[in-house]
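To start, the structure under review is shown below, and the notes come after it.
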Amino acid sequence: MVLPRYFLVGSNHAETKYRVLKIDRTEPKDLVIIDDRHVYTQQEVRELLGRLDLGNRTKMGQKGSSGLFRAVSAFGVVGFVRFLEGYYIVLITKRRKMADIGGHAIYKVEDTNMIYIPNDSVRITHPDEARYLRIFQNVDLSSNFYFSYSYDLSHSLQYNLTVLRMPLEMLKSETTQTRQESFDIFEDEGLITQGGSGVFGICSEPYMKYVWNGELLDIIKNTVHRDWLLYIIHGFCGQSKLLIYGRPVYVTLIARRSSKFAGTRFLKRGANCEGDVANEVETEQILCDASVMSFTAGSYSSYVQVRGSVPLYWSQDISTMMPKPPITLDQADPFAHVAALHFDQMLQRFGSPIIILNLVKEREKRKHERILSEELVAAVTYLNQFLPPEHTIIYIPWDMAKYTKSKLCNVLDRLNVIAESVVKKTGFFVNRPDSYCSILRPDEKWNELGGCVIPTGRLQTGVLRTNCVDCLDRTNTAQFMVGKCALAYQLYSLGLIDKPNLQFDTDAVRLFEELYEDHGDTLSLQYGGSQLVHRVKTYRKIAPWTQHSKDIMQTLSRYYSNAFSDADRQDSINLFLGVFHPTEGKPHLWELPTDFYLHHKNTMRLLPTRRSYTYWWTPEVIKHLPLPYDEVICAANLKKLIVKKFHKYEEEIDIHNEFFRPYELSSFDDTFCLAMTSSARDFMPKTVGIDPSPFTVRKPDETGKSVLGNKSNREEAVLQRKTAASAPPPPSEEAVSSSSEDDSGTDREEEGSVSQRSTPVKMTDTGDSTKVTENVVQPMKEVYGINLSDGLSEEDLSIYSRFVQLGQSQHKQDKSSQQLCSRCPDGVIKLTPISAFSQDNIYEVQPPRVDRKSTEIFQAHIQASQGIMQPLGKEDTSMYREYIRNRYL
């Protein structure tokens, strides 16, 4: 940084390539950024900064001081924003790694810094600038905003891997027009001088609906190189490790919140004129075999589902100060225009079938939620009569609150039946063909699975759209059940279980349930201002009764949040997303009586075209169904892709060097900074002799997290769920407002309550205390397999003597130890060291030689990680057939 300008220096992960941006500080209201698009080496960038330092020091006449000094260090640029004065730059100053997908790290924004660009000498002050700045900063960027340098978080895994597998020949003719934009003469000259051998990479444009800083980057999008553009999503990201007999499997949950028609609970309901609905979140669960992290050689699977408000013109007036404000339909829409726009978007992104799971009430004494059900049924019926029969929208109404109150039926059993039918219709994504074990052990459910089968695996076609009134509690439980069903199919497709079924009270389902509870809590805090109240345990009717009294306080706290603080949060979101642009001479944001006109553009101007009432879909979309149009190879989609050429030895395309960085000294704290929940450590019982399989059904008290009680003083024991991806904790438990659906109040009398995280559970019953003590203090023979108080047999003493001799001879290679070994009694093993180093001292160590066969095995393992598999020999084939014959036939 110098006084007249800022210099933004960015580097790659290996710090071998650099780019420089120059930002002019002499313009009071305009943003002037210069990007020379040159890639500097480390030596070149040092020389450049040295020349800038020397030149500015001479200009100022201060030879003893520095002409260039560092203002801030950051991990990325969120964007640029202007209110009534000059521009600000928003930088990410702290980050935390949350997940890893195929060697691509996903980070959470921990802290940001806003820097005012113009100099004080040219600054034109405005009295309302500080107020706009406070409103903008009310959007806490350190709360559930995520980014990745190399993985597109705005798209699903299916889209990303489908684009990566697209043949390059199809792109050469279509991407010649984008060559001029991404053309860098210095990079191509470097390729020629290094022999001209290059590797082509494909990158796509982000899906802007789920990008939250798109408006902040829009001003520099066409000015700077695309490497500077760091797109951020808002929602949730969590990852846990499922350990299957030592084989690590990563379960990742990513939620993308839509930036269109975004806002708080009662202030954003229904849909806007463009078909964007409130509280729209796309949830994707990704399963991968962590033993091989490469996308090309590894095994990856994903399943996507959506939640969102009912796509109608409806709202709730909170000025009446009622706990359950009445639902009103704001506009008549007899031809379902807004629903048509919404479902057309879904067909384009997900394909068909679109399945609607409507969980709102159908029978009420006073008509409330039923208003939405009746209008949604009419809209879907109208739209379906024009669609082809094989691609119609599937509507599933199910009054979840009614079934919850009934004592005769199980809510989750009914949801499981719905989930099975949904997953069979949509299928799921997997990047490898069906394994041979599915042919050996055919399953009826697997043969009935839908989706699209391709030579490289399976594609998900269609999506489940779940909604209730708030799309919080009931929706999260329903999504969990569908995700649990899909998880069973994903595990089966990777050959990890023998049947596509998962039972409750297993380590795998407990781990997945904890992920979904964190997911639901985070989304509920963002939209409703509080955490979930009705969880999976509530609908299983196993929730503890100790939480029931706190639910009343949380409901009151939530009512206060919706009534008094949501308006300020809505103003902040409108300003951050660029829905409102401050302009001199026009009303300020806080002076507007409503933001209805900001989100409904048809109220301010006439829309240029209006869709047909009968052919309500985009023509190109309907031609390629059931495949999603966004993933089809066509001219329109190819224009969104950019092909870039890399040298084959560059760090960016070498996943091993990029991830492990073997060329530099690194610490364990940085390498293993991602501390995720593990099924073996956090859920598997610690008792010896328990089956370590995560698919074994446990008793309710058999879990790694149920260490309770103290025999001496019977203190309170606190059960805290520790998850790396959980929502940020509130300042105090009294200030936490818990979310509840619109079926709270009178409808919650027969429903159980559920324990929140960090909730004390008092052990007050004597019987329970005794039972806990018995679980903690176990018999010595059960723990160690032997009673140490009994005398040892001669055989045990002989084994122990051999063990002692083994320890003494482990590191002693001198003659004295060999003589000692020769004088040992006959019952003791005489050890001959086979791995002794020829040179072993504090100055040097001569490593042992590796035989040829071990070297070949290691090289074959490395080639397997790169996707190069060795052909099987006759011995391997016969051994595998013998194993299959003995095991299954």
Side-chain angles (χ1 to χ4, degrees), residues 1 5-11 19-25 27-35 37 71-95 106-118 129 132-154 203 205-235 256-260 262 571-583 589 598:
M1 168 188 168
R5 63 187 63 89
Y6 281 123
F7 289 92
L8 205 60
V9 182
S11 72
R19 292 185 182 272
V20 179
L21 283 182
K22 184 170 70 173
I23 306 175
D24 190 9
R25 302 186 63 199
E27 291 290 336
K29 290 191 175 183
D30 295 330
L31 183 63
V32 180
I33 295 182
I34 300 174
D35 182 9
R37 294 180 179 265
V72 67
S73 296
F75 294 102
V77 180
V78 177
F80 297 83
V81 63
R82 176 181 176 270
F83 308 122
L84 296 173
E85 296 181 6
Y87 275 90
Y88 298 83
I89 180 174
V90 186
L91 300 171
I92 301 172
T93 55
K94 289 183 181 180
R95 68 182 184 184
I106 299 176
Y107 298 97
K108 178 179 179 291
V109 179
E110 289 288 297
D111 197 9
T112 56
N113 190 7
M114 287 186 68
I115 300 176
Y116 189 68
I117 294 178
E129 179 75 10
Y132 274 116
L133 182 61
R134 287 195 302 269
I135 294 175
F136 183 86
Q137 291 178 335
N138 279 342
V139 176
D140 187 8
L141 285 172
S142 64
S143 175
N144 309 117
F145 283 87
Y146 305 92
F147 68 94
S148 176
Y149 298 110
S150 54
Y151 183 81
D152 190 354
L153 287 173
S154 64
C203 57
E205 291 294 326
Y207 193 65
M208 298 308 296
K209 184 175 185 177
Y210 298 115
V211 174
W212 275 65
N213 62 332
E215 187 70 22
L216 303 180
L217 293 174
D218 190 59
I219 191 171
I220 64 169
K221 185 177 182 180
N222 300 322
T223 306
V224 303
H225 193 276
R226 62 175 291 111
D227 289 347
W228 289 103
L229 305 178
L230 186 65
Y231 295 102
I232 296 176
I233 69 166
H234 184 39
R256 310 173 184 93
R257 179 174 291 279
S258 173
S259 60
K260 308 296 183 182
D571 289 343
S572 302
I573 293 173
N574 291 339
L575 186 62
F576 183 86
L577 294 177
V579 179
F580 176 84
H581 294 277
T583 307
L589 178 61
L598 301 176

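Atoms considered below: every heavy atom in the structure, side chains included; atoms not considered: hydrogens, waters and symmetry mates.
Across every non-hydrogen atom of R257 and W212, the tightest pair is O-NE1, 2.8 Å. Contact detail for S148 and L153: the closest heavy-atom pair is N-CD1, 3.9 Å. A pairwise comparison of heavy atoms in Y116 and P28 identifies OH-O, 4.3 Å as the closest pair. In plain terms, the two heavy atoms of H234 and S143 that are nearest each other are CE1-O, 3.5 Å. For the residue pair L598 and F580, the shortest heavy atom distance occurs at CD1-CB, 4.1 Å. Residue S142 comes nearest to K108 through the heavy atom pair O-NZ, 2.7 Å, listed as atom of the first residue, atom of the second, then distance.
Within the 4.5 Å cutoff, no side-chain heavy atoms of I34 are placed close to those of L21. Taking the side chain as every heavy atom from C-beta outward, S259 and I573 never approach each other to under 4.5 Å. In this structure the side chain of V211 reaches within 4.5 angstrom of the side chain of P206, judged on heavy atoms. Proximity of I115 to Y6: side-chain heavy atoms (C-beta onward) are separated by under 4.5 Å at one or more points.
N574 places no side-chain N or O within donor-acceptor distance of the main-chain N or O of V579, the cut-off being under 3.5 Å. Remark: side-chain polar atoms of R95 are not paired, donor with acceptor, to backbone N or O of V109 under 3.5 angstrom.
By the ring pair (Phe, Tyr, Trp, His ring centres under 6.0 Å) test, Y231 pairs with no residue at all, sequence neighbours left out. The ring pair (Phe, Tyr, Trp, His ring centres under 6.0 Å) test applied to F576 returns F136, not counting sequence neighbours. Considering only residues two or more places apart in sequence or on other chains, K209 meets the side chain to side chain contact (heavy atoms under 4.5 Å, CB included) condition with Y207, S258, K260, D276, E280, Q345. For D571, the side-chain hydrogen bond (donor to acceptor under 3.5 Å, both in side chains) criterion is met by no residue, not counting sequence neighbours. For Y107, the ring pair (Phe, Tyr, Trp, His ring centres under 6.0 Å) test picks out F147, Y149, with sequence neighbours left out. Listed by chain and number, the residues in a side-chain hydrogen bond (donor to acceptor under 3.5 Å, both in side chains) with D30 amount to none (sequence neighbours excluded). For Y132, the ring pair (Phe, Tyr, Trp, His ring centres under 6.0 Å) criterion is met by H588, W590, not counting sequence neighbours. Under the side chain to side chain contact (heavy atoms under 4.5 Å, CB included) criterion, S572 pairs with I135, N138, V139, not counting sequence neighbours. Considering only residues two or more places apart in sequence or on other chains, D24 meets the side-chain hydrogen bond (donor to acceptor under 3.5 Å, both in side chains) condition with T26. Taking the salt bridge (charged side-chain N to carboxylate O under 4.0 Å, His left out) definition, one finds that E205 meets it with R226, sequence neighbours left out.
In this structure, the separation between OG on S154 and CE on M208 is 8.0 Å, given to the nearest 0.5 Å. Taken to the nearest 0.5 Å, the NZ atom of K22 stands 13.5 Å off from the CG atom of L8. Between the CG atom of L91 and the CE atom of M114 there is a distance of 10.0 Å, given to the nearest 0.5 Å. Distance check, rounded to the nearest 0.5 Å: CG of N213 to CD1 of I232 gives 4.5 Å.
Salt bridge annotation for R19-D227: present, with a cationic side-chain nitrogen under 4.0 angstrom from a carboxylate oxygen.
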Less than 3.5 Å apart, which donor and acceptor atoms pair up between the side chains of residues 215-224 and the rest of the protein, not counting sequence neighbours?
none

Pairs of donor and acceptor atoms involving the side chains of residues 72-90, under 3.5 Å and at least two apart or interchain, shall be tabulated with distances.
| residue | atom | partner | partner atom | Å |
| --- | --- | --- | --- | --- |
| S73 | OG | R70 | NH1 | 3.3 |
| R82 | NE | K29 | O | 3.4 |
| R82 | NE | E85 | O | 2.8 |
| E85 | OE1 | R123 | NE | 2.8 |
| E85 | OE1 | R123 | NH2 | 3.1 |
| E85 | OE2 | H126 | N | 2.7 |
| Y88 | OH | E129 | OE2 | 2.9 |

